[in-house]
Amino acid sequence: MRNQVEWPSEFPQFLWGTATASHQVEGGNRNDWTLWEDAGRIKRQEKSGQASGHWERAESDFSLFAELGVNAYRFSVEWSRVEPRQGEFDVEALSKYRQMVQQMRDHGMEPCLTLHHFTLPQWFAMDGGFLQPDGPRMFLRYVRRVVETMGSLVRLYVTINEPMVYAVNSYLYGVWPPGQHNLARTLRVSNQLIAAHKGAYHLIKTVQPGALVGLAHHINLFEPWSTSPADVVLARTLHHLFNRRVILAVGDLQDYLGINYYTRSFATIRHPFTPQSSRGENGSRAELGLTDMGWDIYPEGLEQALLEARAFNRPILITENGISTPDDALRIRYLDAHLDAMHRAIEKGVNVRGYFYWSALDNFEWDEGFAPRFGLIEVNYDTMERVMRKSAYHYRDRILQSAARGMK
Ligand code: IFM
């Protein structure tokens, strides 16, 4: 990517935010995941149901998020709400999303709108989802409606969240709908997502020329399990296929580089398609240990990912970073270590322009159900009561310290 892109002066110079996604927090959705949940494909047979009850509580949630001192908020629009039947748009749902965006702004938060965050309308999924030749074009019809509805209220778009995570979990590992195990389709769907992104990029720029448009790429640092040449080559190959291929294919059609960073994985030729999330407590070199999902806590990896991303010549947004743990003191250590890693990268000259903690609220973690707790704000799923965790106040303090040094 040859063209150097600068961060526009009319945006906040640094976006401090939190993030969520529609199906994980809203509740009451009917999409391909609902069918998956009804078919008992989630751990403990859980169903997203009312999720975090956010659809009914959006405005009071925004007041809570604003208490964190953030100036941005990343959320997603649920395609299945907006276009419940092919070609039929729900005007009320659209205007509710517009109202939500206005409320974010009223609370001093720059809205960062994700258009596709894993879920599909049932009518689209039933016909093959993004694999159908016309899939990207159908996605664009929905994108147009959203972007026209939002007008100048939204100037920051993520077209597609973690295309490779979606492709691999849905078409290779089969743990997400449509539950397939097919390498060729995994690659094909990732190509369709690239096409969908490119179309959406042009479309958004036509409707809102000042908007910034990109994707949220999940970066997983692959390290060789051992020093054997086979593991070393495999780690490099996975790094290219999972972390770099989409970025390179999209090329100049991204105004910023969105990075979701959580962990690293260990590549072993013994299981070439299933890198191990850790080498276990003993084999791990991580000082902070593992998250409760078994992910290696490796903040140095964020610095490494940012330094590598500098070569793409774009401003960088850390569109997600966070931890699932019942131990809030560990969340604080995780947050500190990753913010420190980000600051080190900035000091080395990386143009980072935002950090979004995943997640604002506890929420429905896909096939893992409700057990993982990623939130700065705890949700009691029986009463839907919200309680700020200590880590929420800690994040606020870190934001204040950075803002005092001009990062805002
Ligand atoms: O909850 C997910 C999110 O939907 C996408 N990025 C990773 C998060 C944690 O697994």
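Whatever order the structure lists them in is the order used to number ligands and atoms, beginning at 1.
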- Any idea how His218 and Tyr262 line up, ring-wise: parallel (<30°), tilted (30 to 60°), or perpendicular (>60°)? parallel
- For Phe118, the ligand 1 atoms whose distance to one of its heavy atoms is below 4.0 Å: 4 (O), 5 (C)
- Will you find, in the side chains of His394 and Asp328, an N or O donor that is under 3.5 Å from an N or O acceptor? no
- Message: Side chain, backbone, both or neither: which applies to Gln24 and ligand 1 if a contact is any heavy-atom pair less than 4.0 Å apart?
- Response: side chain
- Are Arg74 and Phe356 in a cation-pi setup, meaning NZ or CZ lies under 6.0 angstrom from the ring centre and within 45 degrees of the ring axis? no
- Task: Identify the protein heavy atom lying closest to atom 9 (C) of ligand 1, giving its residue, its atom name and the separation to 0.1 Å.
- Result: Glu365 OE2, 3.4 Å
- Note on the structure: Under 4.0 Å between heavy atoms, the region of Asn161 that gets near ligand 1 turns out to be side chain
- Is there a nitrogen or oxygen of Glu162 sitting under 3.5 Å from a nitrogen or oxygen of ligand 1? yes
- Can you tell me which residue and heavy atom of the protein come closest to atom 6 (N) of ligand 1, and the distance to 0.1 Å? Glu320 OE1, 2.5 Å
- Message: Just checking His116 against Tyr166, ring centres under 6.0 Å apart?
- Response: yes
- Side chain or backbone of His218 under 4.0 Å from ligand 1, or both, or neither, by non-hydrogen atoms? neither
- Message: Ignoring hydrogens and geometry beyond distance, is a side-chain donor-acceptor pair present between Thr319 and Asn260 at under 3.5 Å?
- Response: yes
- Message: With the threshold set at under 4.0 angstrom, would you say Tyr261 reaches ligand 1 through any of its heavy atoms?
- Response: no
- Query: Side chains of Ser359 and Thr20: donor-acceptor distance under 3.5 Å anywhere?
  - Reply: no
- Assess the side chains of Ser190 and Arg245: does a donor N or O sit below 3.5 Å from an acceptor N or O? yes
- Kindly assign one of parallel, tilted or perpendicular to the pair Phe130 and Trp79, based on the angle between their ring planes and the thresholds 30° and 60°. tilted
- Message: I'd like to check whether Asn260 has a polar contact with ligand 1, where a contact means an N/O of the residue lying under 3.5 Å from an N/O of the ligand.
- Response: no
- Query: Which ligand 1 atoms does Trp295 reach within 4.0 Å, using its non-hydrogen atoms?
  - Reply: 10 (O)
- Query: What atoms of ligand 1 come within less than 4.0 Å of a heavy atom belonging to His117?
  - Reply: 3 (C), 4 (O), 5 (C)
- Among Phe364, Tyr262, Trp366, the residue with a heavy atom nearest to atom 8 (C) of ligand 1 is Tyr262
